[in-house]
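Everything numeric in this text was worked out from a predicted model, so none of it was measured. Heavy atoms only: backbone and side chains are in, while hydrogens, waters and symmetry mates are out.
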Amino acid sequence: MLFLWCFVGGNFCAGYDLKELAHNPTAIKWEQDVTKSPGPMGPSRMTFSKPVIAAVSGYAVAGGLELSLLADLRVMEESAILGVFCRRFGVFCVPLVDGGTVRLPKLIGLSRALDLILTGRPVSAQEAYQFGLANRIVPNGQALQHAVELAKQISAFPQQCMRGDRNSAYYSAFDASSFSEAMQFEFDTGIPVILEESVPGAKKFSLGQGRGGTKL
């Protein structure tokens, strides 16, 4: 099972409600402890045990960009736009406080992340794909359809193995303090999976199932 994330109605998300920020700032109560949810944009501090796919149409900017970064995979429509637009409000700007400065450099590298963070420029789907920020580009109006198809493909795989590898990749990127620590986590996570899923799968393969990449 996968968590499929899609905002409909033209735009993925254009960020925090600036009218609320402008006219009712004293009513805003944000959790200061980042180990607790919610964040200013809602689920931005959450981690997920299952893969997350974002179906992006229209604008995913400012806090909306930060929300899209929560996903493992981003399926973007051809006309979709990403950007740190909270940099571009002229007389003021809003800082990234929902993980944008944390996740973006990990996904696309510090140099490219700083290009987006410092300039606030719009990023097309094609450029986002070149950066590795978009994983798929699809025709307009088809992001959700393609995201569902991708979710079905991934959910067909043996889940314990797939989730373990996903968890190890995130641990290596965000939590491990050294190469050896990351390697140890990968090994410790993988061994139980080999016994529970890989051995039965290898037996099926030895009997001729799954050859040529066909589904077991």
Side-chain angles (χ1 to χ4, degrees), residues 1-8 12-13 30-57 60 63-76 82 96-108 113 128 132-136 138 143-202 204 210 213 215-216:
M1 296 293 292
L2 289 87
F3 181 73
L4 184 64
W5 201 352
C6 178
F7 291 77
V8 295
F12 182 83
C13 180
W30 290 336
E31 174 58 60
Q32 298 291 314
D33 185 350
V34 298
T35 64
K36 301 177 181 179
S37 289
M41 288 297 297
S44 58
R45 297 171 179 172
M46 295 177 66
T47 56
F48 302 95
S49 62
K50 302 176 182 180
V52 179
I53 300 175
V56 181
S57 60
L65 170 64
E66 292 183 286
L67 289 179
S68 77
L69 300 180
L70 281 175
D72 300 283
L73 303 173
R74 281 155 293 281
V75 178
M76 289 186 65
L82 302 177
L96 297 169
V97 290
D98 282 277
T101 64
V102 178
R103 294 186 176 100
L104 194 59
K106 289 290 187 181
L107 289 173
I108 63 175
L133 194 51
N135 302 95
R136 305 285 192 279
V138 301
L144 179 57
Q145 172 189 336
H146 283 267
V148 170
E149 292 174 358
L150 184 58
K152 290 179 179 178
Q153 293 173 16
I154 295 174
S155 63
F157 296 137
Q159 291 298 294
Q160 188 176 356
C161 182
M162 185 269 293
R163 293 186 196 179
D165 285 346
R166 172 186 179 273
N167 188 31
S168 181
Y170 273 104
Y171 184 85
S172 175
F174 289 99
D175 298 316
S177 60
S178 66
F179 175 79
S180 59
E181 183 180 333
M183 290 289 287
Q184 190 66 57
F185 184 89
E186 179 189 63
F187 184 81
D188 293 343
T189 300
I191 290 301
V193 176
I194 290 175
L195 298 176
E196 294 185 29
E197 280 189 351
S198 302
V199 171
K204 292 180 180 179
K215 185 178 178 181
L216 288 174

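- A distance of 6.0 Å separates CG in Leu65 from CG in Leu104, rounded to the nearest 0.5 Å.
- Counting heavy atoms from C-beta outward, Arg136 and His146 have side chains that stay 4.5 Å or more apart.
- Gly64 and Phe12 make their closest contact through O-CE2, 3.5 Å (heavy atoms, listed as atom of the first residue, atom of the second, distance).
- Side-chain contact between Val52 and Leu70: absent, with no pair of heavy atoms (C-beta onward) separated by less than 4.5 Å.
- Considering all non-hydrogen atoms of both residues, Pro51 and Met162 come closest at CG-SD, 3.6 Å.
- Residues passing the ring pair (Phe, Tyr, Trp, His ring centres under 6.0 Å) test with Phe174: none are found, sequence neighbours excluded.
- Here the closest heavy-atom approach between residue Met76 and residue Ala128 is recorded as SD-CB, 3.9 Å.
- Taking OG1 of Thr189 as the reference point, atom CD1 of Ile194 lies at 11.0 Å (rounded to 0.5 Å).
- Every pair passing salt bridge (charged side-chain N to carboxylate O under 4.0 Å, His left out) that includes a residue from residues 166-184 is listed here, sequence neighbours excluded: Asp72-Arg166.
- Scanning for side chain to side chain contact (heavy atoms under 4.5 Å, CB included) contacts around Ser172 gives Ala182, with sequence neighbours left out.
- Residues satisfying the side chain to side chain contact (heavy atoms under 4.5 Å, CB included) criterion with Asp165, sequence neighbours excluded, are Cys161.
- Residues that satisfy the side chain to side chain contact (heavy atoms under 4.5 Å, CB included) test with Pro38, not counting sequence neighbours, are absent from this structure.
- Taking every heavy atom of both residues into account, Glu66 and Val97 meet most closely at OE2-N, 3.5 Å.
- Here OG of Ser68 is found 9.0 Å from CG of Leu107. Values are rounded to the nearest 0.5 Å.
- The distance from the CD atom of Glu186 to the CG atom of Asn167 is 11.5 Å, given to the nearest 0.5 Å.
- In terms of heavy atoms, Ile108 sits closest to Ala113 at CD1-N, 3.8 Å.
- Under the 4.5 Å side-chain criterion, counting only non-hydrogen atoms from C-beta, Leu133 is in contact with Leu69.
- For the atom pair Gln160 CD and Leu195 CG, the distance stands at 9.5 Å (nearest 0.5 Å).
- Sorted pairs that involve residues 98-107 and meet salt bridge (charged side-chain N to carboxylate O under 4.0 Å, His left out), not counting sequence neighbours, are lacking altogether.
- Contact record, Gln159 with Ile154: NE2-O, 3.3 Å, taken as the closest heavy-atom pair.
- One distance of note links OH of Tyr171 with CD of Gln184; it measures 10.0 Å at 0.5 Å rounding.
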